[in-house]
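Structure first, commentary second.
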Amino acid sequence: MKFELENTLFCGQSFSWRKCDDGNFKAVLENKIHCVIEGQSEFDPFMTHYLDNEFDYNGTLQEITKLDPILNSAIKECGEIHILNQDLWETVIGFMLSQNNNIKRIEGLYDKMSKTFGSKIEDGYYSFPRPEQLKNVTEYDLRSLGVGFRAPYLLDAIKRSDDILSVVNLSDEKADKILQDTKGIGPKVSACIRLFGLHNMEVFPKDVWIKRVMSTWFPGKDEDYFKPYQGLSQQYLFLYARTHGFE
DNA sequence: GGCCAGGCCCCAG
DNA sequence: CTGGGGCATGGC
């Protein structure tokens, strides 16, 4: 199966990437501009790990294909997509911004936060701000960017950033609790952070799309049906439902 | 121009 | 513990 770079970067797990007019995909990660393009097969060490290219997706997807016919269709249509190894802090804030929001606007807010509080790499490219860079930010500053009712949530996350970043060393259950102790992080946002920021591949985030997917395509079933491939299954169903629609 | 968006908080029962 | 209103903002 062929790796689908664009589907991987734009399937809703990351808010860092932009498609440029020349067809390249660009993002600022680790204070560096990264540029990749569809069809590319060689990546530098950072991107190789970021794209999770060391994992055997081919074998895993063959297993999932056998699990269920709808997943089989989703995998056929979407191709080989990977779960990224993203920075935890960027994932935390990204998915806090995501609640009751749409992806276009999440990306816009993500860019505004980078431009306003991050470090300039070169013209038009800014790193996403680290917790230290957000230390003195006020609720007014955040509301001015357009984050709306999420402003106090972000402030709480900034205040608790040390605890939040410490969850990399904790068990899944403890990580989930500490994340949800933050204002504005509930079950779904925590699940997204754990899947996309901690690479907990057995988490199954349930947003409005996945709830629709479950009630229409998998009535009576729950996430255990997809064991032990909950994370990947969820991402295929999310992308498939959004692009293909419900029939 | 109203509906909706990768939900969560808060408060009633 | 479960259900539903309210929430800022702007894309469509």
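By the ring-ring contact (aromatic ring centres under 6.0 Å, His included) test, A:Phe246 pairs with A:Trp217, sequence neighbours left out. With sequence neighbours excluded, no residue forms a ring-ring contact (aromatic ring centres under 6.0 Å, His included) with A:Trp89. A:Asn200 meets the side chain to side chain contact (heavy atoms under 4.5 Å, CB included) test with A:Asp172, A:Arg194, A:Leu198, A:Val203; sequence neighbours excluded. For A:Glu139, the side-chain hydrogen bond (donor to acceptor under 3.5 Å, both in side chains) partners two or more places apart in sequence, or in a different chain, are A:Arg143. Residues satisfying the ring-ring contact (aromatic ring centres under 6.0 Å, His included) criterion with A:Phe196, sequence neighbours excluded, are A:Phe95.
Taking the P atom of each, C:dG10 and B:dC9 are spaced 23 Å apart, rounded to whole Å. When the P atom is used for both C:dG5 and B:dC4, the distance is 14 Å, rounded to whole Å. Separating the P atom of B:dC3 from that of C:dG6 is a span of 14 Å, rounded to the nearest Å.
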With the criterion being N/O to N/O and under 3.5 Å, what pairs connect the protein with nucleotides 1-5 of chain B, and how long is each?
from: B:dA5; atom 1: OP1; to: A:Arg212; atom 2: NH2; distance (Å): 2.5
from: B:dA5; atom 1: O3'; to: A:Asn101; atom 2: O; distance (Å): 2.6
from: B:dA5; atom 1: N7; to: A:Asn100; atom 2: OD1; distance (Å): 3.3

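Counting only residues at least two apart or in different chains, salt bridge (charged side-chain N to carboxylate O under 4.0 Å, His left out) contacts with residues 51-63 of chain A comprise A:Glu63-A:Lys66. Listed by first and then second residue, the ring-ring contact (aromatic ring centres under 6.0 Å, His included) pairs that reach into residues 53-73 of chain A are A:Phe55-A:Tyr57, A:Tyr57-A:His82, sequence neighbours excluded.
Alongside A:Leu51, the hydrophobic cluster contains A:Phe3, A:Leu5, A:Leu9, A:Phe10, A:Trp17, A:Phe25, A:Leu29, A:Val36, A:Phe43, A:Phe46, A:Met47, A:Tyr50, A:Leu84 (criterion: ILVMFWY side chains under 4.5 Å).
Proximity of residues 220-230 of chain A to DNA chain B (heavy atom under 4.0 angstrom from any strand atom) is not detected for any residue.
In the 5' to 3' direction, nucleotides of DNA chain C lying under 4.0 Å from heavy atoms of chain A begin and end at C:dC7 to C:dC12.
In this structure, A:Tyr236 has its ring center no closer than 6.0 Å to that of A:Tyr229.
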(request) Sugar-phosphate means primed atoms, P, OP1 and OP2; the rest is base. With that split, encode nucleotides 8-13 of chain B 5' to 3' as B, S or - using protein heavy atoms under 4.0 Å. (result) SSS---

